[in-house]
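Report on one structure; see the data block that follows.
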Protein chains: 2
Amino acid sequence: MKKNAEFLNRNITIGILSKETGVKIETIRYYEKVGVLPAPPRTDGGYRVYDLNYLKRLKFIRRCRELGFTLEKISSLLRLVDSHNYTCNEIKDITSKQLSEVRHKISDLKRLEKILKEMTGKCEGGKVPECPILDALYK
Amino acid sequence: MKKNAEFLNRNITIGILSKETGVKIETIRYYEKVGVLPAPPRTDGGYRVYDLNYLKRLKFIRRCRELGFTLEKISSLLRLVDSHNYTCNEIKDITSKQLSEVRHKISDLKRLEKILKEMTGKCEGGKVPECPILDALYK
DNA sequence: ATGAACCCTCTAGGGACTACAGGGTCAAGG
DNA sequence: CCTTGACCCTGTAGTCCCTAGAGGGTTCAT
C-alpha cells in the first residue's frame, strides 16, 4: 500500500525498519535506549521516523552481534563512522584493537570450517567417522 | 605444588579447569546446570573431579561462544562428538548447516578486516579518513 | 589437628534482548 | 468527518548467559 511508497520516500517507520533488517521492534527501541542507535526524529504523534542511514547502521549492528561483538565494541566501531570528531590517533587505536580481535575470530572460524568440511566429506558411505571437532578449537 | 602433579595425573579440580580454559568457575557450574558440559564425578566431600576430556570440551565451548554460537548450537555440535547415536545423514545435516553459517561469518569478518586495515593505513598524515565501515557489512 | 586455600549451594544482579499490557496514532473507506 | 483496523507508544516483567557474593564445608601440607 502506501507504506512502500513511504519507504521509497525515506519515511521509514519502526515496523518497516524491523522487517528490512530482521531486528525486532523492541530490540530497535532497546538499541536506542542504550545509545548504540541514535534517537530518530518523531512525528507530531510521537512515532519514530527513520531513513536509509538508520537502516544501514542497524544492519551493521545486527551482523556484528551475530559475529560475536558486544554492543560496547560495536559502539566503538561505529564511532569510526562519525569519525569527524576524532583524531587520527584515536582512530588508529580503535582500529588496531578491533583488527586483532577480528583476525583471531577469522582464524578460529577457519579451523572450524576445515573440520566441518572434512566431516561432511567423510559422512558418505553411511558410516559414522571418529569425531575430530573438539580438537579443531583445542589448539 | 601438588596441584600440578594432580593435573598431570588427570585429577583436575574446577579451579584448575577454570585457569586452564579461562572460563570462570561459576560459568563452568552453569554449563553443567544447563547440560552443555556433563556432570563430572565427585569426591566423597562433593568436589567435582574433571579430566582432559572435560578440558577439551570446555575450551571448545568457550571459543564457540566467542564466535557467536548459542549454547543451543554448541550443544548440537557437541552431539556430533558423541555421535555414536546418530546416523550419517543427521550428522551431514547439522554440519552442512553450521558450515554455511561459518563461511558467511568468515566472509563478513574479512570484509571488516579489510576496511579496518585500510583505515589504519590512511591514518598517517594527521588527517582523518572517511569511514566506509557501514558498507562493509551492508551488501 | 589446624589453617590457608580451595570447593559447595543458593540467591541476586547485569547485559542483551523479548513478550506482554494498556493505551494512543494514522490513514483509508464509508 | 468519523470510524476502524493496523500500527505505534511507554512501561514492566521475563529469558538467556553469565558473574558476584554470602554462608558454610573440604583438602592437605605442616
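To find a chain, count down the sequence lines: A is the first, B the second, and so on, and within it residues start at 1.
- Rounded to a whole Å, the NZ atom of Lys73(A) is 11 Å from the P atom of dA16(C).
- By the ring pair (Phe, Tyr, Trp, His ring centres under 6.0 Å) test, Phe60(A) is found to be paired with no residue, residues two or more places apart in sequence or in another chain being considered.
- With sequence neighbours excluded, no residue satisfies ring pair (Phe, Tyr, Trp, His ring centres under 6.0 Å) with Tyr47(B).
- In this structure, Ile16(B) places its CD1 atom 12 Å from C1' of dT27(D), rounding to the nearest Å.
- For the side chain to side chain contact (heavy atoms under 4.5 Å, CB included) test with Thr13(A), the passing option among Ile16(A), Asn11(A), Leu17(A) is Ile16(A); the others fail.
- Atom CG of Leu17(A) and atom P of dC7(D) are 15 Å apart (whole Å).
- Using a 4.0 Å cutoff on non-hydrogen atoms, the parts of residues 22-30 of chain B near DNA chain D are Lys24(B), Glu26(B), Thr27(B), Tyr30(B), ordered by number.
- As a whole-Å value, the separation of Glu72(B) CD from dT15(D) C1' is 14 Å.
- Legend: residues meeting salt bridge (Lys or Arg N to Asp or Glu O under 4.0 Å) with Glu32(A), ordered by chain and number and at least two apart, are Arg42(A), Arg48(A).
- Summarising the geometry, the separation between OH on Tyr31(B) and P on dC16(D) is reported as 15 Å, rounded to the nearest angstrom.
- In this structure, the salt bridge (Lys or Arg N to Asp or Glu O under 4.0 Å) partners of Lys114(B), at least two apart in sequence or on a different chain, are Glu118(B).
- Taking 4.0 angstrom as the limit, Thr13(B) places a side-chain polar atom (N or O) nearer than this to OP1 or OP2 of dC7(C).
- Lys110(A) NZ to Ile106(A) CD1: the interatomic distance, rounded to the nearest 0.5 Å, is 6.5 Å.
- Judged purely by atom type and a 3.5 angstrom limit, Arg57(A) has no side-chain atom pairing as donor or acceptor with the backbone of Leu37(A).
- Residues from residues 32-48 of chain B that place a heavy atom under 4.0 Å from any atom of DNA chain C, listed by number: Arg42(B), Gly46(B), Tyr47(B), Arg48(B).
- For the pair Lys59(B) and Tyr54(B), the cation-pi criterion (under 6.0 Å, within 45° of the ring axis) is not fulfilled.
- Separating the CD atom of Glu66(A) from the C1' atom of dA16(C) is a distance of 14 Å, rounded to the nearest angstrom.
- Across the protein-nucleic acid pair, Asn11(B) atom CG and dC6(C) atom P stand 17 Å apart, rounded to whole Å.
- By the neighbour-count criterion of 12 heavy atoms within 6.0 Å, atom CD of Glu26(B) is densely surrounded, having more than that number from other residues, nucleotides or ligands.
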